[in-house]
There are 2 protein chains.
Amino acid sequence: MEHIRRSKVAHLLKETGFGKEVNVKGWVRTRRGNKFVNFIALNDGSSIHNLQIVADTTKFGDELLRRIATGSAISVNGTLNESEGSGQNVEIQAAEIEVIGECSPDHYPLQPKKHSLEFLREIAHLRFRTNTFGAITRVRHAMIFAVHQFFSNKGFYNIHTPIITASDAEGAGEMFRVTTLDLNNPPKTEDGEIDYSQDFFGKSTHLTVSGQLEGELAAMGMSDIYTFGPTFRAENSNTTRHLAEFWMIEPEMAFYDLNDNMDLAEEFTKYLINYALAHCAEDLAFLSKRLQEEEKNKKADERSMELLEKLRFVVENDYARITYSEAIDILMNSKPHKKGKFQYQITGFGSDLQAEHERFLVEKHFKKPVILTDYPMSIKAFYMKQSDDGKTVRAMDVLFPQIGEIIGGSQREDNYDKLLERMRVLNLPEKEMYWYLDTRRFGSVPHSGFGLGFERLMLFVTGMTNIRDVIPFPRSPKNAEF
Amino acid sequence: MEHIRRSKVAHLLKETGFGKEVNVKGWVRTRRGNKFVNFIALNDGSSIHNLQIVADTTKFGDELLRRIATGSAISVNGTLNESEGSGQNVEIQAAEIEVIGECSPDHYPLQPKKHSLEFLREIAHLRFRTNTFGAITRVRHAMIFAVHQFFSNKGFYNIHTPIITASDAEGAGEMFRVTTLDLNNPPKTEDGEIDYSQDFFGKSTHLTVSGQLEGELAAMGMSDIYTFGPTFRAENSNTTRHLAEFWMIEPEMAFYDLNDNMDLAEEFTKYLINYALAHCAEDLAFLSKRLQEEEKNKKADERSMELLEKLRFVVENDYARITYSEAIDILMNSKPHKKGKFQYQITGFGSDLQAEHERFLVEKHFKKPVILTDYPMSIKAFYMKQSDDGKTVRAMDVLFPQIGEIIGGSQREDNYDKLLERMRVLNLPEKEMYWYLDTRRFGSVPHSGFGLGFERLMLFVTGMTNIRDVIPFPRSPKNAEF
């Protein structure tokens, strides 16, 4: 076959140099046709749209064309033509076709029909070749890049905080143990306990649940930093919202108070969604249609907001900013509360808000994203800055339509005595965490930060409803396949 | 104190709007002076250079100035002036100074003197405030961003491959176990073995040693992908070159043969180093000086190449491309081999090359970076494409001055039968790895990829010699502090 430099499908679909000789390689989605001509829909992962290859049957013959089955890989040399068919601008009139890798229709699991998302999860190694997961992968990449670009433009430094850790950032949470001890015959101390001093790191170690504490250390010298790495929870929750392994983005900023923190969170989330709207228009249009089809059997009032409308809802509104206490008042006076429609009852200050309450505030009451601040100290983490009222902390949660909380953050406690006191009340190991306390002993400064669960963002941007569909190889109880 | 919007030190150092009122916040590096005036060197992590604050002693008084000790955090309002002193262009004539966080000179470990790198590792939570580690952190961020930008510009997608895995990508390598079993009382099967079916994932799981295999799955639908994530080795190696937890970049490209792979590796490494030269000039100048000072007691022939010269050595040369067999011939005919100067003897085809041999080829023989290809099958991994000669594989290693191998990669075996045969010879679990084999059953295509150890790159770009100095919180045997 004549050597012509390969072009990607996405590039050719936008090309207008008709008459040009091109080469394209990819995987066949479908082949259809009649006894004169075959139409091959080719995709190489660069676009939601396939490129149409036109192959004259007399030229290529039955034997070759039969090998061009769904899933097979081919290389095509041909002429770029303006397409007369509907749904595409260009097509390739094939001059040469090489079958690079065959694909037996009897064994290939991805046939040209609609497969359920459940089925695709079982063949996660092949679902990159589907429209839905291809679109999600492209959007996921766009969001990753946008995160780095946003922070880089603002002078933040990306910090790789440790994955294996001897501390527990949240002071709670179920963690995975990391060990090289022989489980059949672990070394024991004289007291009969496992002797972790003989483990790889000389102590008991786990997978991190958050990079925040180490991120704070970096911010105390570099001013503005962010982490973007995997975090872990060993919770036995088999739900559509939980993963055992997921990616988190955690910025930490020296000299930021809670207001600066809210400003950054609003600017950041709007930047990401504007980026998706600007760079992923075709994939989002496909995902919007997918969602509408999925929901067409639902009643009108149970359907989600249309995907693009929902994204614009975020970027076109100023986020409402109210305190937790104000939110409790609103909820206590709300219709669903009075009519007993909330699944979880709000009883007053101290109640933990559930997604249903957060969504009520966003979707029904304010009709815009909402930032709640000043939560009760008792329901928030030890490192949050205590307010003068003695009962609230300078926490903030950013609430979005559909998913509720998308960001959780706070100003951090920068007063050494208050932090130490709180750690003692909660029985945290102050000696082991001397390094965290040190940042409050030496040149302590007001500082703030927040965490964004990346897969939570992905659910929001793509309109998918199961978190296992927005990460390539999900990890959950009893599932570590691939 | 009057509210003026904060400017970063890096920004003010380039500012020419003299006479302007500005605010700057940061940590004090030094304060010196006389009875009329004090000079405060302030740093906020945004630059290798400090900003000089000029404070009249009569205006601020002894009591305040004494609190402005090394390590304390201050906020300064003042006038931006052209500096008359040498070594800086601007200075701030202080109008107001607030001490935000004090720092006791009696307890603060970072005094204004030279600390050893060993000591700084022990206080890794504070070393962000030093010149050396500040520079490294900024360069590290620049390299992270450059990686994403390079691949994004070329239409690659970043894939988050799993950290917790039930497979072992290299078919070897010591791994960390991930478990939620109770080590004191683990469940056992009837045979007395640990019953991993009762573990969190229902099977035995470990931390990944490479994202390559999963990366290949993604490339078989998306064409061009890259991973950038943490990888793990439970090797008990306490050396300056090994970490238990380190970050890897692994691109995988469908339709790439070994030549395409070499072209990409050369373009990629040159892009990264050009990016560092363009964006980190001041930090690199500092790191170059640091290296020269560190080596001034070494004999001339034991010193490293000057840092910037070494970086230009990479970007200004075409990489030499030779086969492993040619390299063996060159080495067998070399002076150090004939004089018995190599620590590890080269005996002919099949010898594993050590850093000393790689460096000889790069630094003495070719005087440019070298790409070696076509290694003996016996010393390379199972997934590499077998050549027709029956004894070599389409592997490539990219060799750099100072560090030897910086990239290892190959064309991948895309022939189902050959791959399966090799897996059987090496006793790999073919049933468990059905998903990897599937990509060779369904539309298999020639494809290639490589791995770049990110900390190895960081050593090269910064001129640091201990890998624990180029990652914020290193993990190594008996060390998981912070």
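Within every chain, numbering begins at 1; the chains are lettered A, B, ... in the order of the sequence lines, protein sequences first and strands thereafter. Everything numeric here is computed off the predicted structure, so don't read it as measured data. Note: hydrogens, waters and symmetry copies are ignored here, and every other heavy atom, side chains too, is used.
Using a 4.5 Å cut-off between heavy atoms, B/R177 touches chain A through backbone and side chain atoms alike. Using a 4.5 Å cut-off between heavy atoms, A/I144 touches chain B through its side chain atoms alone. B/Q149 touches chain A through backbone and side chain together, each having a heavy atom under 4.5 Å away. For B/T130, no part lies near chain A; criterion is any non-hydrogen pair under 4.5 Å. Using a 4.5 Å cut-off between heavy atoms, A/W27 touches chain B through its side chain atoms alone. Contacts of A/I225 with chain B are absent, with no heavy-atom separation under 4.5 Å from either backbone or side chain. Only the backbone of B/S476 comes within less than 4.5 Å of a heavy atom of chain A; no side-chain atom from C-beta onward does. Interface remark: B/W247 contributes side-chain atoms only to the contact with chain A (heavy atom separation under 4.5 Å). For a residue to count as touching a neighbouring chain, one of its non-hydrogen atoms must lie under 4.5 Å from one of that chain's; by this rule A/S197 touches chain B with the backbone only. For B/A69, no part lies near chain A; criterion is any non-hydrogen pair under 4.5 Å. Only the side chain of A/R6 comes within contact range of chain B, with heavy atoms under 4.5 Å apart. Of the two parts of A/L126, only the side chain, counted from C-beta on, holds a non-hydrogen atom closer than 4.5 Å to a non-hydrogen atom of chain B. For chain A, no part of B/L110 is nearby; none of its heavy atoms comes within less than 4.5 Å.
Closest approach of B/K8 and A/S223 over heavy atoms only: CE-CB, 4.3 Å. A pairwise comparison of heavy atoms in B/L217 and A/F128 identifies O-CD1, 3.7 Å as the closest pair. Nearest heavy-atom pair across A/A73 and B/G443 is CB-O, 3.6 Å.
Rounding to the nearest 0.5 Å gives a distance of 10.0 Å between CD of A/E481 and OG1 of B/T165. Note: B/I100 CD1 to A/H447 NE2 = 12.5 Å, rounded to the nearest 0.5 Å. Here the CG atom belonging to A/D438 is positioned 10.0 Å from the OH atom belonging to B/Y108, to the nearest 0.5 angstrom. The distance from the OG1 atom of B/T180 to the NE2 atom of A/H206 is 10.0 Å, given to the nearest 0.5 Å. Expressed to the nearest 0.5 Å, how far CG of A/N184 lies from CD1 of B/I194 amounts to 4.0 Å. The distance from atom CE of B/M143 to atom CG of A/N158, rounded to the nearest 0.5 Å, is 13.0 Å.
A donor-acceptor pair under 3.5 Å is absent between the side-chain atoms of A/R475 and the main chain of B/P162, judged by distance alone. Judged purely by atom type and a 3.5 angstrom limit, B/K478 uses its side chain to pair as donor or acceptor with the backbone of A/D199.
No other option in B/Y436, B/Y416, B/Y434 has as many heavy-atom pairs under 4.5 Å with chain A as B/Y434. Between chain A and the options B/P474, B/P230, B/G229, heavy-atom pairs under 4.5 Å are most frequent for B/P230. The most heavy-atom pairs under 4.5 Å with chain B, out of A/I74, A/I471, A/L183, come from A/L183. With chain B as the partner, the residue from A/H11, A/E193, A/H107, A/E432 showing the most heavy-atom pairs under 4.5 Å is A/H107. Options B/A219, B/G192, B/S152 differ in how many heavy-atom pairs under 4.5 Å they form with chain A, and the most are formed by B/S152. Considering only heavy-atom pairs separated by less than 4.5 Å from chain A, the leading option among B/E102, B/M220, B/R441 is B/M220. When B/E245, B/K25, B/R129 are compared by the number of non-hydrogen pairs under 4.5 Å with chain A, B/E245 comes out ahead. Considering only heavy-atom pairs separated by less than 4.5 Å from chain B, the leading option among A/H148, A/R440, A/R127, A/K203 is A/H148. Interface remark: of the candidates B/A234, B/G71, B/P472, B/A244, B/A234 forms the most heavy-atom pairs closer than 4.5 Å to chain A. If you tally non-hydrogen atom pairs under 4.5 Å between each of A/F232, A/F200, A/F473, A/Y157 and chain B, the highest count goes to A/F200. Between chain B and the options A/N236, A/I164, A/N479, heavy-atom pairs under 4.5 Å are most frequent for A/I164. For chain B, the option among A/A142, A/G202, A/S46, A/G45 with the highest count of heavy-atom pairs below 4.5 Å is A/G45.
No option in B/S72, B/S104, B/P109 other than B/P109 meets the side chain to side chain contact (heavy atoms under 4.5 Å, CB included) test with A/F442. The side chain to side chain contact (heavy atoms under 4.5 Å, CB included) with B/H141 is formed by just one residue from the set A/F151, A/Y226, A/F156; it is A/Y226.
In summary, the aromatic rings of B/F176 and A/F201 are positioned with their centroids under 6.0 Å apart. Taking the six-membered ring for Trp, A/F228 and B/H160 have ring centres closer than 6.0 Å.
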